[in-house]
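Taking it in order: structure first as structure tokens, then the write-up.
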Amino acid sequence: RRTFFSDLRTSFSGRYLFEQQYSTAANLGGNVLVLSGLNTADAVIDQNSKGFGTSQALVRGIAVMGSLQLDYKDRYLLQANLRRDGSSLFGADRRWANFPGISGSWIVSREPWWFSKDALSLFKLRAAYGEAGQRPNFTAQYATFGIGAGGLLVPATLGNPLLRPEVRKEAEYGVAMEFFNKYLLDVTYADGRVVDQLLPVPLSVGTGFTSQWQNAGTLRNRSLEISLDVPLINKRNFTWSSRVIYDRLRTRIQDLGVAPYFTGPGLQGADAVFRIANGEEMGAIYG
């Protein structure tokens, strides 16, 4: 922290993060027990129903973060951030990614010339731009196979060593107004895009695999939020306030680098309910 010219306060912070997650799981199942309530593997009578499975996953990540804050005369504020991420979940050829951010605000009501310090006790303008990433899932970069009859390997998902994190880029604008030091009105508008969206894209049968995780889509998000805070009772031992909020969010697929396709949560009868296509709203259900 340091102050310049008596009016400019600055602060800089830096952080380093190392993470390692190791998980292992095992499951065992079977039908028809020799005794009700004896839940052990050797109590399963129906040998054909016996099944078991195991899984292991190791994830490592490194992040370096820096933040610079400037405050001039308690009314001009600026903050800049930069984060650099490395993760084993990114594709083998795309291990690192940068995520910048910047924001600023101007508390206009603290200016000496402000005309209404009672009726409009606070008037604040703000703007921000930032980027944040979403990592691929553990198996997305690897080729996966099922095990068929007689131990035959059946291709499932084609690996992708070029996978990048999907990145949300958002610009936000807002204004806050307080009336008579009591009622606070806040309006926020945000316009964002999700680029390099991670999608399980169907493949041609000629590849031998059914799908591949790719950075194949771009989403457009627009949102508006309006809130009003009203203090109803404010006494020494009891306070009561109320907030009314209106918000609206619309998400539409702006660009799709592959042919339109259907997908779903993988449940019976619901594995192809969402249509992924240019111009379509995200989450549109077809049936």
Side-chain angles (χ1 to χ4, degrees), residues 1-17 63-85 98-133 167-195 219-252 254:
R1 300 174 180 270
R2 189 169 180 179
T3 301
F4 298 90
F5 315 113
S6 74
D7 290 324
L8 178 61
R9 294 194 299 273
T10 68
S11 67
F12 176 80
S13 63
R15 289 187 293 162
Y16 173 83
L17 171 69
V64 181
M65 296 156 279
S67 176
L68 175 65
Q69 296 181 343
L70 306 176
D71 183 344
Y72 183 61
K73 293 186 175 182
D74 287 329
R75 52 183 181 267
Y76 309 107
L77 299 97
L78 182 68
Q79 179 171 334
N81 308 295
L82 179 62
R83 176 178 176 130
R84 181 166 173 80
D85 264 348
N98 297 321
F99 305 104
I102 188 169
S103 63
S105 61
W106 176 26
I107 307 178
V108 186
S109 54
R110 290 182 180 174
E111 295 287 357
W113 47 262
W114 183 245
F115 59 91
S116 178
K117 295 187 180 295
D118 295 324
L120 191 54
S121 49
L122 172 67
F123 186 76
K124 179 180 179 181
L125 301 173
R126 65 181 185 273
Y129 173 81
E131 299 181 7
V167 181
R168 179 179 179 86
K169 302 180 178 182
E170 183 172 279
E172 181 180 294
Y173 312 94
V175 56
M177 295 177 285
E178 185 182 62
F179 302 92
F180 306 106
N181 291 294
K182 292 178 63 177
Y183 310 106
L184 180 63
L185 176 66
D186 192 280
V187 180
T188 302
Y189 172 77
D191 188 350
R193 292 186 305 145
V194 178
V195 300
L219 293 178
R220 181 76 179 273
N221 301 295
R222 293 178 178 175
S223 65
L224 174 67
E225 181 177 298
I226 303 173
S227 67
L228 176 64
D229 289 36
V230 180
L232 302 176
I233 299 176
N234 190 8
K235 294 186 176 182
R236 181 177 180 181
N237 296 320
F238 182 76
T239 61
W240 180 17
S241 63
S242 179
R243 171 178 291 182
V244 180
I245 300 177
Y246 166 83
D247 65 83
R248 174 177 175 173
L249 172 64
R250 293 292 181 269
T251 302
R252 193 171 293 276
Q254 188 179 44

Would you please say whether a donor-acceptor pair under 3.5 Å links the side chains of Arg126 and Thr188?
-> yes

Inset, instruction - Report yes or no: do Thr239 and Asn234 form a side-chain donor-acceptor pair below 3.5 Å? - result: no

| field | Side chain proximity check, Ile107 to Leu77, heavy atoms < 4.5 angstrom | value | yes

| said: What verdict does the side-chain contact (heavy atoms from CB on, under 4.5 Å) test give for Leu82 and Leu68, after you've listed the backbone C-alpha separation in whole Å, the side-chain angles of each residue and the deciding distance to 0.1 Å? | reply: CA-CA 9 Å; Leu82 179 62; Leu68 175 65; over 6 Å; no

Output yes when a side-chain donor or acceptor of Ser109 lies under 3.5 Å from a complementary backbone atom of Phe123, and no otherwise. yes

Value for CG (Leu228) from CD1 (Ile226), rounded to nearest 0.5 Å, stands at 10.5 Å

On a heavy-atom basis, the closest approach of Arg110 and Asp74 is NH1-O, 2.5 Å

| 4.5 Å side-chain heavy-atom contact, Arg193 and Val167 | no

The reported gap from CG in Leu120 to CG in Asn181 (rounded to nearest 0.5 angstrom) is 10.0 Å

(Q) Tell me if the NZ atom of Lys117 is crowded by more than 12 foreign heavy atoms within 6.0 Å. (A) yes

Rounding to 0.5 Å, atoms OG (Ser13) and CE (Met65) come to a distance of 9.5 Å

dist Tyr16:OH -> Arg84:CZ (nearest 0.5 Å) comes out at 12.5 Å

The reported gap from NZ in Lys73 to CG in Leu8 (rounded to nearest 0.5 angstrom) is 11.0 Å

One should read off an interatomic distance between Arg250 CZ and Arg220 CZ, to the nearest 0.5 angstrom, of 14.5 Å

Would you indicate whether the side-chain heavy atoms of Lys169 and Tyr129 approach each other to under 4.5 Å? yes

### Query
So do Arg243 and Asp186 actually touch side chain to side chain, heavy atoms under 4.5 Å?
no

Original post:
So do Pro231 and Tyr183 actually touch side chain to side chain, heavy atoms under 4.5 Å?
Top reply: yes

message = Take a 6.0 Å sphere around CG of Asp118 and say whether it holds more than 12 heavy atoms from other residues, nucleotides or ligands.
response = no

Check the side chains of Gln69 and Asp71 for a donor-acceptor pair under 3.5 angstrom, ignoring hydrogens and angles. no

_Polar side-chain atom of Ser121 near backbone of Glu178 as donor-acceptor pair, under 3.5 Å_ = yes

For this session: Check whether any side-chain heavy atom of Val187 sits under 4.5 Å from a side-chain heavy atom of Tyr189, and report yes or no.
Result: no

Check: Around Tyr173, counting heavy atoms of other residues, nucleotides and ligands shown, do more than 12 lie under 6.0 Å from its OH?
Finding: no

side-chain contact (heavy atoms from CB on, under 4.5 Å) between Thr10 and Tyr72: does it pass, once the steps are laid out? CA-CA 9 Å; Thr10 68; Tyr72 183 61; over 6 Å; no

Inset, instruction - Please test Glu131 against Asn98 for side-chain contact (heavy atoms from CB on, under 4.5 Å), starting from the C-alpha separation and ending with a verdict. - result: CA-CA 9 Å; Glu131 299 181 7; Asn98 297 321; over 6 Å; no

